[in-house]
Amino acid sequence: MPYHPASMRRYSCPPFRRRGIAGAAAEAARTLDGMTSTGEWEGRAGPPLWWARRRDAVTDVTLAGVSAVECAWEGVTFAREAGLPTAVGVAFGFVVGATLVLRRRRPIAVVLVGIAVAPAAMGFLLSVVGMYSLASSEVPRRIIATLASMSLVATFVVMYLQTRGDVEADPKLVVALSGFVAVALTVPPLLLGLYIGARRRLMESLQERADSLERELSLLADRAEERAEWARTEERTRIAREMHDVVAHRVSLMVVHAAALEAVAVKDPARAAKNAALVGDMGRQALTELREMLGVLRAAPKPAVVGSGGSGGPGGPGAAAVVAVPMAPVALVGGAEEGPSLDELEVLVGQSRAAGMVVEMLVQGEGAGAGYAAEVEQTAYRVVQEALTNCHKHAPGARVVVRLAHRDGEVAMQVENGPCEGKADGVGLPSGGNGLVGMRERVLGLGGVFVSGPTDAGGFRVSAVLPVR
């Protein structure tokens, strides 16, 4: 199969967004092998015919011109010895020498032409450059070895025949001289071509590995960006859920107490004063919880490094790929590090009773909260808290039953309210429609089961089951 430089794999490495091992390998490949760079001809007319680059075409045409002139000059002597017109010898030599322009496209043909014209004592440059081109091409080694042997033998025979009658010495000297000339004209260009071919293949292999590493780094960077975006989304969702659960309940109770305060301010001053004190307490608790939440947000953890090794990020080479890691669920009630527990449910229910709601709490099983993980107790508390908040919003005056059951390996909670006996829209409390969604996310995040929906009696029920571990 003839060698075609245009058919060789050429790799054009785009600018690295992140430089590291891949960048070093690509830089080494570009530095060691200038023959593999094609970027300089971007936006210009491409190289002609089969050449990969314009300077390759200029080099081959120049060598072919020199070879044609040499062979044409030697064609004069050949024509005289063969008894041919000088013009024929010059034209023959010119055509023979010009075949060197095909050295990249048809290296085998160039070497065969050099072997064929060896008896005519012409084509020195053609033979040397042709052998080099053949050895550096992708031609199979057995073909290279065969043609090199043929060229060696042809050169030896021609030199032997030419020097046999000119040297008055021992025939062994003639053989040694002919062998030396044959080896000198064949072996050096053959070895140089083999070296250049091996070097070119090595550079292409390095370039391919550099491109592969760059693609992997780009893929890792894309995945890191996706993980960072996912982490940011999850963190925003978690913060919104915490804000909703922590603040909505307190503010809802404040609104309920404020409505009661307005209703009894004139008729029952003592009760009005009590409601005002409760509103103040609820407001202070809400402010405390907001302050704790903001404190946690300010103390965000450091981002995690997911890739280094010199691969630069947007900041430049050597920078590490940084991905935001979502914060672990942080409890924001009762301290910056400890969240609400099941032991505080009585206090929670008591606050709703103080707001005028009829609430009954039933506990089944023993060992309330014993051995439960913090996130389990916090999630159970939040579910009950949000369910009570919804009762204040959507079922004012309804009777509410809170059930808590400690079972083997799990804890279950249920908040059920009866038919609404007050205004249809409560006391005007706004609703964002995210309460049930947040409860479901919390419960499912711990591998539990969450069910909510209206009851046959016209009320509403929220049920959740959480695994203890």
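These numbers come from a predicted model, not from an experiment.
Side chain of Glu377 to main chain of Leu342: a donor-acceptor pair is present (N/O by atom type, distance under 3.5 Å, no hydrogens or angles). Judged by distance alone, the side chain of Ser218 and the main-chain N or O of Glu214 form no donor-acceptor pair under 3.5 Å. Checked by atom type and distance alone, the side chain of Thr146 pairs as donor or acceptor with a backbone atom of Arg142 at under 3.5 Å. A donor-acceptor pair is defined here as one N or O able to donate and one able to accept, closer than 3.5 Å; such a pair exists between the side chain of Arg200 and the backbone of Ser136. Side-chain atoms of Thr379 do not come within 3.5 Å of backbone N or O of Val376 as any donor-acceptor pair. Here the side chain of Ser151 pairs no donor or acceptor atom with the backbone of Leu147 at under 3.5 angstrom. Remark: side-chain polar atoms of Ser67 are not paired, donor with acceptor, to backbone N or O of Leu63 under 3.5 angstrom.
Here Glu204 does not pair with Arg201 in a salt bridge; the nearest charged N to carboxylate O distance is not below 4.0 Å. Between Glu226 and Arg223 there is no salt bridge, since none of the side-chain N atoms of the basic residue sits less than 4.0 Å from a carboxylate O of the acidic one. Looking at Glu375 and Arg442, no side-chain N of the basic residue comes within less than 4.0 Å of a carboxylate O on the acidic one, giving no salt bridge.
Screening Arg103, Arg54, Arg105 against Asp60 for a salt bridge (Lys or Arg N to Asp or Glu O under 4.0 Å) leaves a single residue, Arg103. If you run side-chain contact (heavy atoms from CB on, under 4.5 Å) between Leu134 and each of Val110, Val111, Leu190, only Val111 comes through.
In terms of heavy atoms, Asn417 sits closest to Ala395 at ND2-CB, 3.5 Å. Here the shortest heavy-atom pairing between Ala64 and Ala98 reads CB-O, 3.9 Å. Here the closest heavy-atom approach between residue Val183 and residue Pro188 is recorded as O-CD, 3.1 Å. Across all non-hydrogen atoms, the minimal contact from Met439 to Ala387 is SD-N, 4.2 Å. In plain terms, the two heavy atoms of Pro189 and Leu185 that are nearest each other are CG-O, 3.5 Å. Residue Leu125 comes nearest to Val66 through the heavy atom pair CD2-CG1, 3.7 Å, listed as atom of the first residue, atom of the second, then distance.
For the salt bridge (Lys or Arg N to Asp or Glu O under 4.0 Å) test, residues two or more places apart in sequence or in another chain that qualify with Arg461 are Glu416. Partners of Arg215 under the salt bridge (Lys or Arg N to Asp or Glu O under 4.0 Å) rule, at least two apart in sequence or in another chain, do not exist in this structure.
Residues in residues 354-364 take part in these side-chain hydrogen bond (donor to acceptor under 3.5 Å, both in side chains) pairs, two or more places apart or across chains: Glu360-Arg399.
Note that CG of Leu192 is 12.5 Å distant from CE of Met131, once rounded to the nearest 0.5 Å. Separation of atoms CG (Asp211) and CD (Gln207) is listed at 5.0 Å; rounding is to 0.5 Å. In this structure, the separation between OG on Ser133 and CD1 on Ile196 is 11.5 Å, given to the nearest 0.5 Å. The CE atom of Met413 lies 6.5 Å from the CG atom of Leu404; values are rounded to the nearest 0.5 Å. Atom-to-atom distance recorded for Leu436:CG and Phe460:CZ is 5.0 Å, nearest 0.5 angstrom. For the atom pair CG of Leu126 and CD1 of Ile115, the computed distance is 10.0 Å after rounding to the nearest 0.5 Å.
Between His406 and Val363 there is a side-chain heavy-atom pair separated by less than 4.5 Å. A heavy-atom distance below 4.5 Å is found between the side chains of Arg403 and Val401. In this structure the side chain of Val139 reaches within 4.5 angstrom of the side chain of Ile108, judged on heavy atoms.
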Practice prompt. Would you please test Glu386 and Arg382 for side chain to side chain contact (heavy atoms under 4.5 Å, CB included) and show each step?
Written response: CA-CA 6 Å; Glu386 179 60 26; Arg382 295 299 187 204; over 6 Å; no
Worksheet item: How far apart are the C-alpha atoms of Val349 and Met357, what are their side-chain angles, what is the distance that settles it, and do they pass the side chain to side chain contact (heavy atoms under 4.5 Å, CB included) test?
Response: CA-CA 9 Å; Val349 172; Met357 178 182 290; over 6 Å; no
Practice prompt. Walk me through it: do Val462 and Phe450 pass the test side chain to side chain contact (heavy atoms under 4.5 Å, CB included)?
Written response: CA-CA 8 Å; Val462 173; Phe450 180 83; 3.6 Å; yes
Discussion item. With side chain to side chain contact (heavy atoms under 4.5 Å, CB included) as the criterion, how do Glu410 and Leu466 come out once you've worked through the C-alpha distance, each side chain's angles and the decisive distance to 0.1 Å?
Written reply: CA-CA 5 Å; Glu410 63 183 18; Leu466 296 172; over 6 Å; no
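More than 12 heavy atoms of other residues, nucleotides or ligands sit less than 6.0 Å from atom CZ of Arg353.
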